[in-house]
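Working notes for the structure below.
Given the structure is predicted, the values throughout are model-derived calculations rather than measurements. Chain letters run A, B, ... following the sequence lines, proteins first, then strands; residues in each count from 1. Every heavy atom of this structure was used, including side-chain atoms; hydrogens, water molecules and symmetry mates were not.
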There are 2 protein chains.
Amino acid sequence: MAANTRQKLLDAAESLFSQQGITTTPLRQITELAGANLAAVNYHFGSKLGLAREVLRRRLDELNSERLKRLDQLEAQDDKPATLDQLLEALIEPALIMSRDDALGGMRFVRLLARAYAENDRELHRFLREHYSHVMRRFARAMSQALPEMDAANLRWHLDFVIGALTYAMADFTGHFSHMNQIHIDAKTIAQHLVRFAAAGLSAADAAAAPSTPTGTARTLLGG
Amino acid sequence: MAANTRQKLLDAAESLFSQQGITTTPLRQITELAGANLAAVNYHFGSKLGLAREVLRRRLDELNSERLKRLDQLEAQDDKPATLDQLLEALIEPALIMSRDDALGGMRFVRLLARAYAENDRELHRFLREHYSHVMRRFARAMSQALPEMDAANLRWHLDFVIGALTYAMADFTGHFSHMNQIHIDAKTIAQHLVRFAAAGLSAADAAAAPSTPTGTARTLLGG
DNA sequence: GTCTATATGTAGATAGAC
DNA sequence: GTCTATCTACATATAGAC
């Protein structure tokens, strides 16, 4: 049962990596959970890094193809261009509802992703960049139509704010900032809140970037 | 020169931990950079964890006392309560302008903080919680006056979005999402953008939480 | 306080039988 | 494909001389 062992190793590694981080998780713990032999990792994946890469690749491909599918649908209706809300939904929701069976599966994956970023392994970073950046570029281009005043650089690092809010808050590293797992809100609700939060933030940035804005439309919303 | 060695170890550890992570950085590398002996770490800090704790404590105390100082000032002027923008500035700016000499020093610290969260060490997490949560609680309480419609839980995990955007974007784990170090924007400018982003997002969440809101004030800003 | 030398544990990887 | 046994390297921590 070659494929079976391979799958078990991937599942065990994903679970442990997301809880403990990649470098911190020993191979022996993975093989024990998978019910496999230590040498099987090197046989199937060449090295620990090879295993980590494959764990991430599985999910990233799934996540990105879902995001791009939604983006394609939005761009197909070319009589009316996609709204910022719709684009943000296409970016955020797939990250949170990836797992059919487990409502928290998506969050586990996002946590894994956050941990992968925190690792200092250069090869791992290059690998993630290759599997990620083209998606972000497409979304940035689509959003620039809904945010006409922001230039490319400005939009790109405001998108960092969005990705940061998504990654960090969902990752719930310590459980003391975020109380989501206690309250047990479902992923879709969280996505809606984050979409609204991000849309308002991006719109305010766009309004502020406009040269001839009277005082800044969004700022008057605040308790000033 | 006991104090000297101690300081050198702390500085070297802070630099290396922020670049490579805590568990991934060997003590030997720290002592080499500090020009100290391996055994000095255990003499001065008891263990590697003790060293990591002290590295974080230095900066956290500095950061939190600066944040609380600003919050105190805002609350002292009790004829008019602090605006959301002012509160967010008090929360965000100190994280980015902590280092006098180096404009990027603040970011290096935030990156270290993000890495510390990614570590799975329980004692380290408990330590961070003890040095952090009371500050967040005070800010949450102050903000709840500027955001009257949100309940405590709602506000708390929307603040997670803010902290996430701050931490993750500033940390610049991989350098491919964020291009800040290339563009070289100064910390204060970034803080201003993040304050506006967060203020708009929180205001939108507050408006949406209001039971009798017509359609949601902030939503009409978007391209709907 | 600072050093050398070392104890002790555990990591990832592999050789080779089955 | 899967196993046992083991190699090699490096980690933290400490004992004890100076």
Side-chain angles (χ1 to χ4, degrees), chain A residues 1-57 112 115-116 118-127, chain B residues 1-57 112 115-116 118-127:
Chain A
M1 308 262 176
N4 204 349
T5 297
R6 209 186 123 92
Q7 287 303 317
K8 282 183 183 171
L9 284 172
L10 286 171
D11 292 340
E14 180 178 66
S15 172
L16 292 171
F17 283 163
S18 75
Q19 291 171 45
Q20 305 175 340
I22 296 173
T23 40
T24 347
T25 299
L27 281 181
R28 284 171 169 81
Q29 197 181 357
I30 297 170
T31 54
E32 190 185 2
L33 179 60
N37 186 273
L38 174 62
V41 172
N42 268 315
Y43 176 78
H44 285 286
F45 304 100
S47 70
K48 186 185 182 181
L49 177 65
L51 171 61
R53 249 199 290 255
E54 191 58 23
V55 165
L56 289 168
R57 198 192 57 72
L112 168 59
R115 287 205 186 281
E119 307 277 341
N120 65 330
D121 193 302
R122 294 205 167 184
E123 288 201 57
L124 202 57
H125 285 179
R126 198 169 51 78
F127 171 78
Chain B
M1 304 261 177
N4 203 350
T5 297
R6 209 186 122 92
Q7 287 303 317
K8 282 181 183 173
L9 283 172
L10 285 170
D11 292 339
E14 181 178 63
S15 171
L16 292 171
F17 284 164
S18 74
Q19 291 170 45
Q20 306 175 339
I22 296 173
T23 39
T24 344
T25 299
L27 280 181
R28 285 173 168 80
Q29 198 180 357
I30 298 170
T31 54
E32 189 184 3
L33 179 61
N37 187 274
L38 176 63
V41 171
N42 267 314
Y43 176 80
H44 286 286
F45 304 100
S47 70
K48 186 186 182 181
L49 178 65
L51 171 60
R53 248 200 290 255
E54 191 57 23
V55 166
L56 288 168
R57 198 192 56 73
L112 169 59
R115 288 202 186 283
E119 308 276 342
N120 66 329
D121 193 302
R122 291 205 169 185
E123 287 199 57
L124 201 57
H125 284 178
R126 196 169 53 76
F127 171 78

**Prompt:** For the side chain of Tyr43(B), counting heavy atoms from C-beta on, which of dT2(D), dT2(C), dT4(C) is nearest?
**Reply:** dT2(C)

Is any side-chain heavy atom of [X] less than 4.5 Å from a side-chain heavy atom of [Y]?
| X | Y | value |
| --- | --- | --- |
| Phe17(B) | Leu56(B) | no |
| Thr24(A) | Thr24(B) | no |
| Ile30(B) | Leu51(B) | yes |
| Thr31(A) | Asn37(A) | no |

**All side-chain contact (heavy atoms from CB on, under 4.5 Å) counterparts of Ser18(A), not counting sequence neighbours** = Arg108(A), Arg111(A), Leu112(A)

**Request:** Could you pull out all residues at least two apart from Phe127(B) that satisfy ring pair (Phe, Tyr, Trp, His ring centres under 6.0 Å)?
**Result:** His131(B)

**Request:** Establish, with yes or no, whether the OP1 or OP2 oxygen of dT2(C) is under 4.0 angstrom from a side-chain nitrogen or oxygen of Thr5(B).
**Result:** yes

Please give, in whole Å, the distance from [N] [atom2] to [X] [atom1]?
| X | N | atom1 | atom2 | result |
| --- | --- | --- | --- | --- |
| Lys8(B) | dG1(C) | NZ | P | 15 Å |
| Gln7(A) | dG1(D) | CD | P | 13 Å |
| His44(B) | dA13(D) | NE2 | C1' | 16 Å |
| Asn37(B) | dT6(C) | CG | C1' | 13 Å |

**Residues which pass salt bridge (charged side-chain N to carboxylate O under 4.0 Å, His left out) with Arg28(A), listed by chain and number, not counting sequence neighbours** = none

**Asked** Can you name the side chain to side chain donor-acceptor pair (under 3.5 Å) partners of Arg57(B), sequence neighbours left out?
**Response** Glu54(B), Asp61(B)

**Request:** Identify, residue by residue, the members of residues 29-36 of chain A with a heavy atom below 4.0 Å from DNA chain D, and return them in order of residue number, or none.
**Result:** none

**Request:** Give one of base, sugar-phosphate or nothing for Ala39(A), where a contact means two heavy atoms less than 4.0 Å apart.
**Result:** base

Expected rows: protein N/O vs nucleotides 10-13 of chain C N/O, under 3.5 Å:
unit_1  : atom_1 : unit_2   : atom_2 : d
dG12(C) : OP1    : Lys48(A) : NZ     : 2.8
dG12(C) : OP2    : Leu27(A) : N      : 2.8
dG12(C) : N7     : Arg28(A) : NH1    : 2.9
dG12(C) : O6     : Arg28(A) : NH2    : 3.1
dA13(C) : OP2    : Lys48(A) : N      : 3.1

